[in-house]
Amino acid sequence: MVGVSRRNFPEDVAETLTPLADVTYLSPSDAGYIDALGESDAVIVGTGRVDGAFLARAPRLKIVARFGVGYDSVDVEACTARGVYVTHTPGVLSGAVADLTWALILSLIRKIPLADPFVRSKWAQRREPFPFGADLEGKTLGLIGLGRIGAEVAKRSQGFGVKLIYYDVVRRPELEKTLGAEFADLDELLRRSDIVSLHVPLLPSTRHLIGEREFGLMKPTALLINTSRGSVVDQRALIRALEEGEIGGAGLDVFEEEPLPLGDDLIRFENVVLTPHIGSATVETRRRMALVCAENVRAVLKGEHPPNLVPEQRDVSF
Ligand code: NAD
């Protein structure tokens with residue numbers, strides 16, 4: 001049995017697995033959830049937690065296929081100890097997340113979310129002018145994490161005339177050459193950037209990577225863009241930095257708590273643009289992600305090695 005715990009996973013893609021196994025859609029609120037999990041040889045999961053307790057309810061499980069590239073919600077160590085493969089969907093969503101990153105940058109710098117309601121209400125009354133935005137040309141874009149998504153953001157920067165700098169735990173000499181990206185250490189990047197954009201995975205080493213100290217280093221006009229994971233930023237420190245004018249604004253697709261609670265302090269800032277974790281949410285990208293999940297599940301059901309194991313399992317074979 002294959003358990004799909006993602007409501008909008010395309011049925012026609014799920015059906016491609018039926019020659020090998022029955023497919024059932026799982027939701028923790030369904031009456032038959034525990035039984036179905038108990039019978040599952042494979043699960044396709046969204047952002048729900050997969051930990052020791054989950055594994056204990058799924059004794060037959062051979063693969064956790066994560067619908068997405070970030071797998072901080074999956075306890076990989078516990079899966080490895082149980083002989084369960086963990087796969088993800090690297091690469092196929094990088095372009096969509098990079099597009100959204102640029103959408104947030106452009107929205108903030110040209111005040112698009114304020115401009116739209118202005119046209120619908122105040123413009124025709126000619127009482128107040130719309131405030132100026134800023135040019136991108138000549139600004140410095142600092143990318144923290146120059147992996148698959150960071151590199152796509154960097155590629156898209158080429159037409160805007162920005163100076164590109166990056167910080168990563170791994171140097172990318174190829175991209176330094178082809179994209180003119182300059183390496184900088186974290187503090188230097190924060191001091192120099194007009195726009196700081198985050199593209200690291202959520203790991204113990206990146207949790208609250210950007211907090212009070214880091215906001216203190218940024219320019220008072222700098223924009224922070226986060227399309228990685230909410231907890232890479234200390235959200236309380238971000239709110240304080242916005243209140244005190246330590247930075248110029250923020251564009252956020254991800255939050256420490258999702259959905260972002262109504263009434264959250266972030267909602268009151270005009271210089272903050274918010275999107276509901278939609279980095280990969282395009283028709284084409286979501287379909288590609290579903291196909292990759294199915295491919296990984298199919299391989300394991302056939303007794304083969306799945307093609308998209310997470311890096312921690314690259315050398316394992318169960
Ligand atoms: P990737 O592994 O290709 O790139 C991550 C980069 O971060 C790597 O170059 C790595 O060396 C670097 N890195 C790791 N730890 C670091 C540290 N402590 N300091 C500096 N750099 C560090 O991953 P990717 O495919 O580019 O995805 C990045 C993340 O984006 C995912 O892990 C996920 O959390 C997030 N994401 C969000 C959405 C969304 O909907 N908003 C969609 C997809 C992915």
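Remember, it's a predicted structure, so these values are computed and weren't measured experimentally. Both ligands and their constituent atoms are indexed starting at 1 by order of listing.
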Any idea which protein heavy atom is nearest [atom], and the distance to it?
| atom | value |
| --- | --- |
| atom 35 (C) of ligand 1 | Ser228 O, 3.5 Å |
| atom 42 (C) of ligand 1 | Val97 CG2, 3.4 Å |
| atom 14 (C) of ligand 1 | Pro201 CD, 3.7 Å |
| atom 28 (C) of ligand 1 | His199 O, 3.7 Å |
| atom 23 (O) of ligand 1 | Arg148 NH2, 3.5 Å |
| atom 18 (N) of ligand 1 | Thr206 CG2, 3.3 Å |
| atom 4 (O) of ligand 1 | Gly147 CA, 3.3 Å |
| atom 11 (O) of ligand 1 | Asp168 OD1, 2.6 Å |

Show me which atoms of ligand 1 lie under 4.0 Å from any heavy atom of [X].
| X | result |
| --- | --- |
| Val69 | 25 (O), 27 (O), 31 (C), 43 (C), 44 (C) |
| Val170 | 11 (O) |
| Ser280 | 40 (O) |
| Thr227 | 36 (N), 37 (C), 38 (C), 39 (C), 41 (N) |
| Ser205 | 18 (N) |
| His277 | 39 (C), 40 (O), 41 (N) |
| Val200 | 7 (O), 13 (N), 20 (C), 21 (N), 22 (C), 29 (C) |

Consider every N or O of [X] and every N or O of ligand 1, then say whether any pair is closer than 3.5 Å.
| X | result |
| --- | --- |
| Asp253 | yes |
| Ile149 | yes |
| Arg172 | yes |
| Gly145 | no |
| Asp72 | no |

[X] side chain to [Y] side chain, donor-acceptor N/O pair below 3.5 angstrom:
| X | Y | value |
| --- | --- | --- |
| Thr101 | Thr227 | yes |
| His208 | Gln235 | no |
| Thr87 | Arg66 | no |
| Arg286 | Ser280 | yes |
| Glu152 | Ser94 | no |

Any idea how Trp102 and Phe160 line up, ring-wise: parallel (<30°), tilted (30 to 60°), or perpendicular (>60°)?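 Ring orientation, 0 to 90° scale: parallel.
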Can you tell me how the ring of Phe183 sits relative to the ring of Tyr167, calling it parallel under 30°, perpendicular over 60° and tilted otherwise?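 Because their plane-to-plane angle lies in the 30° to 60° range, the rings of Phe183 and Tyr167 count as tilted.
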Looking at side-chain heavy atoms only, is the closest gap between [X] and [Y] below 4.5 Å?
| X | Y | value |
| --- | --- | --- |
| His199 | Ile144 | no |
| Val2 | Asp22 | no |
| Leu242 | Ile247 | yes |

May I ask you to check whether over 12 heavy atoms, not counting those of Glu270, lie within 6.0 Å of atom CD?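 Count not over threshold, so no.
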Between OG1 of Thr16 and CD of Glu295, what distance do you get to the nearest 0.5 Å?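 Output value for this atom pair is 10.0 Å.
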Drop me the distance from Ile149's CD1 to Leu143's CG, to the nearest 0.5 angstrom.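 One finds 12.0 Å between CD1 of Ile149 and CG of Leu143.
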Considering only heavy atoms, which of Leu202, Val169, Val310 lies nearest to atom 16 (C) of ligand 1?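 Closest candidate by heavy-atom distance is Val169.
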From atom 15 (N) of ligand 1, work out which of Thr275, Leu252, Leu203 has a heavy atom at the shortest distance.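 Looking at heavy atoms only, Leu203 sits closest to atom 15 (N) of ligand 1.
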